[in-house]
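Here the structure is laid out as structure tokens; the discussion comes afterwards.
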2 protein chains.
Amino acid sequence: MTDTERPAEPERVRAPNIRDVARVAGVSYQTVSRVLNDSPSIRPETLQRVREAIDELGYRPNQAARALVTSRSRTIGVLAAQTVHYGPATSIQAIETAAREAGYRLSITNISSSEYASIKSGLDYLMSQSIEALIVIAPQVRVFEAISDLQIGVPFVTLEATGLSSDHSLWVDQVQGARIATRHLIELGHTEIMHISGPQDWIEAEARMQGFLRELGDADLRTRAPILGDWTASFGYYAGLELLRYQDFTAVFAGNDQMALGFMHACRELGLSVPGDISIVGFDDVPESAHYAPPLTTVRQNFAEIGRRAVALLLGELRGEVEMNHDPVQPELIIRQSTARRP
Amino acid sequence: MTDTERPAEPERVRAPNIRDVARVAGVSYQTVSRVLNDSPSIRPETLQRVREAIDELGYRPNQAARALVTSRSRTIGVLAAQTVHYGPATSIQAIETAAREAGYRLSITNISSSEYASIKSGLDYLMSQSIEALIVIAPQVRVFEAISDLQIGVPFVTLEATGLSSDHSLWVDQVQGARIATRHLIELGHTEIMHISGPQDWIEAEARMQGFLRELGDADLRTRAPILGDWTASFGYYAGLELLRYQDFTAVFAGNDQMALGFMHACRELGLSVPGDISIVGFDDVPESAHYAPPLTTVRQNFAEIGRRAVALLLGELRGEVEMNHDPVQPELIIRQSTARRP
DNA sequence: GGTCGCGATGTGTACGTTCACATCGGCGAC
DNA sequence: GTCGCCGATGTGAACGTACACATCGCGACC
């Protein structure tokens with residue numbers, strides 16, 4: 001391809017730059033720069049000429065050069081785990097949209113395990129992208145460690161955390177969500193309620209567990225040790241097979257919809273009716289949960305909303321604005337057909 | 001913040017650059033550059049000194065400066081739709097991992113609708129990021145148009161497409177997958193088989209439909225017009241309610257697992273047994289499908305594999321290597337309990 | 001009517017890196 | 001012993017943009 005025999009050929013096709021535009025428009029490059037950054041003091045007629053030149057050449061600003069000179073990467077980093085799950089995926093999608101609209105790009109990195117090394121290497125990667133802000137959607141217990149270890153010098157928020165480190169977290173009120181789910185079961189007369197939790201190192205799993213335990217405590221009901229799961233339907237299934245051997249409970253609050261699904265599968269296989277014999281509540285309200293067998297009573301949380309808020313919060317902080325709405329997003333109980341009065 | 005009254009303050013904290021490292025290590029900046037790009041001709045002892053200086057200062061190469069001078073952004077663009085779905089999400093995750101390992105970052109953009117304008121604006125955004133390669137996971141019928149319109153001058157692949165535009169597509173053999181699903185139903189004695197398809201503008205929906213129709217044709221069975229859905233469980237549910245009023249079929253091949261789930265919900269609601277009265281096959285093998293009621297017979301496709309292959313293919317192309325493995329990934333029929341011999 | 005102010009535009013420089021080329025010392029071949 | 005080559009390192013550019021400052025013309029104010 002390179003062995004062209006026409007030496008007159010100028011050179012490799014180079015993307016037009018700001019000076020090319022300036023030449024075509026008959027102005028200085030600085031004027032073009034002003035147009036690009038929509039400076040107020042440009043004569044309308046000049047503006048017009050420059051715009052035409054830009055279109056004619058198909059000019060696009062070079063982001064790298066911009067980033068270099070302004071030392072602003074216009075990149076938001078996202079540290080994520082479990083991105084194939086509905087919740088994180090939905091949040092990320094909202095984040096992407098909000099960021100793009102604000103002129104920011106995203107740099108996403110997935111961490112595969114919740115080990116410190118994995119988190120650290122993920123953060124390390126993000127820092128090498130010179131991100132301006134950070135959003136964490138991951139098992140967060142060790143993330144805070146890593147963030148301080150690495151001296152992340154940028155604003156950050158963690159999604160879906162507890163209120164513990166309030167400044168940096170933005171959350172659906174998981175505790176509240178767990179409470180309304182549990183209360184619903186209690187109001188239906190259930191006294192022996194089991195909880196299948198998410199992994200211990202996910203703060204929201206912890207929060208849901210807390211909410212569950214507190215609500216039980218408030219109702220003076222016996223609490224039993226929650227089962228620590230891994231968010232998957234398979235875990236719910238096998239946990240169900242195991243737990244249902246004793247049947248010393250009549251209701252289950254699952255840490256998410258998938259585990260609830262698996263649990264219902266186990267019930268079916270053991271000939272137990274949901275909600276006839278066992279009531280079950282999930283968490284998240286994934287779109288499919290309305291079509292489970294039976295349709296699942298669950299707690300809806302607005303994943304997209306917290307994604308958007310995260311971006312708004314960070315951009316505000318970058319602009320030096322005062323802090324914004326830190327109120328937790330309120331979750332909502334969606335009652336379907338997997339819960340019934342205690343038999 | 002800027003009105004500090006200590007003029008002695010040097011300046012704002014500036015990230016260390018290559019010259020700072022050079023100074024500390026007692027070498028020239030070019031030597032540091034060589035270390036960073038692991039040039040072969042460096043004395044081990046010099047290498048050592050430079051490495052120490054890098055660690056000491058916590059130096060990180062400035063990607064923007066790199067991109068500027070090399071005019072290589074080391075970014076792969078991903079144009080995606082429906083990223084909350086299992087398939088795309090899984091592929092993207094694999095892409096991200098593979099890209100990162102190869103030293104590339106990802107720029108993902110979600111398109112919300114399959115309208116030309118939306119696709120174009122997504123591509124436009126990606127081009128403004130000066131991506132080096134492009135991966136498309138989206139309704140592709142109009143994407144090709146947009147790609148040629150915008151003169152995307154970079155290598156690209158579309159995931160999960162048909163073999164139509166073979167050079168640029170990488171795919172699970174959707175036609176084959178649909179055929180084995182359909183054949184399975186035929187072998188069970190079903191002769192009246194319904195197909196609920198994905199949206200018309202998704203090429204894989206089209207491919208699955210083709211596979212379905214061809215297999216039916218080969219078996220000399222009556223073909224009926226597929227129903228055009230939108231991938232959601234809700235669509236499957238409402239389509240089921242509608243279609244089952246006539247019950248002139250005994251089996252359904254759904255374009256994905258979610259629609260199959262919704263359809264089974266409709267069956268249940270109408271008092272029909274799956275697989276007793278109606279057999280149903282899905283597509284994708286989402287992790288939950290093993291726990292549906294009943295566990296779903298479906299076609300597994302390896303989303304992660306095609307994600308990885310896409311990256312490998314593009315990186316190969318960028319390096320000017322010869323084309324790689326274009327063979328479609330073979331899908332696999334997973335037989336569970338939603339299909340049975342025709343009653 | 002001269003100067004001040006301001007709107008509109010142009011000129012120099014810096015950002016941090018890599019590439020091309022220059023330099024320098026030492027070692028082997030004749 | 002000297003020439004040439006090569007390994008190891010250093011110097012000068014250039015990438016494309018935004019910021020700081022300079023310049024120019026024009027109307028208004030006294």
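By convention in this document, chain letters (A, B, ...) are assigned in the order of the sequence lines, proteins followed by strands, and residues within each chain are numbered from 1. This structure is a prediction, so every number in the text was calculated from the model and none was measured.
Of the candidate nucleotides C:dC15, D:dT17, D:dT11, D:dT17 has the atom lying nearest to any side-chain atom of A:N62. In this structure, the nucleotide among C:dG16, C:dT18, C:dA8 sitting nearest to the side chain of B:R14 is C:dG16. Closest to the B:L68 side chain, of the nucleotides D:dC15, C:dT11, D:dT17, is D:dC15.
The number of heavy-atom neighbours closer than 6.0 Å to CD of A:E115, taken from other residues, nucleotides and ligands shown, is 12 or below.
Under the 3.5 Å distance criterion, with hydrogens and angles disregarded, no donor-acceptor pair is assigned to the side chains of B:R74 and B:Q63.
Put simply, OG1 on B:T83 and CD1 on B:I111 are 10.5 Å apart, with the number rounded to the nearest 0.5 Å.
In this structure, A:T70 does not reach the D:dA18 phosphate: none of its side-chain N or O atoms is under 4.0 Å from OP1 or OP2. Neither OP1 nor OP2 of D:dA8 sits under 4.0 Å from any side-chain N or O of B:R34. Note on B:Y59: a side-chain N or O is less than 4.0 Å away from OP1 or OP2 of C:dT17. The phosphate of C:dT9 (OP1 or OP2) has no side-chain N or O of A:S41 nearer than 4.0 angstrom.
Across all strands shown, A:S71 has no heavy atoms under 4.0 Å from either base or sugar-phosphate atoms.
End-to-end axis angle of the helix from C:dG1-D:dC30 to C:dC30-D:dG1, from C1' rotation axes over five pairs per end: 50° (rounded to 10 degrees).
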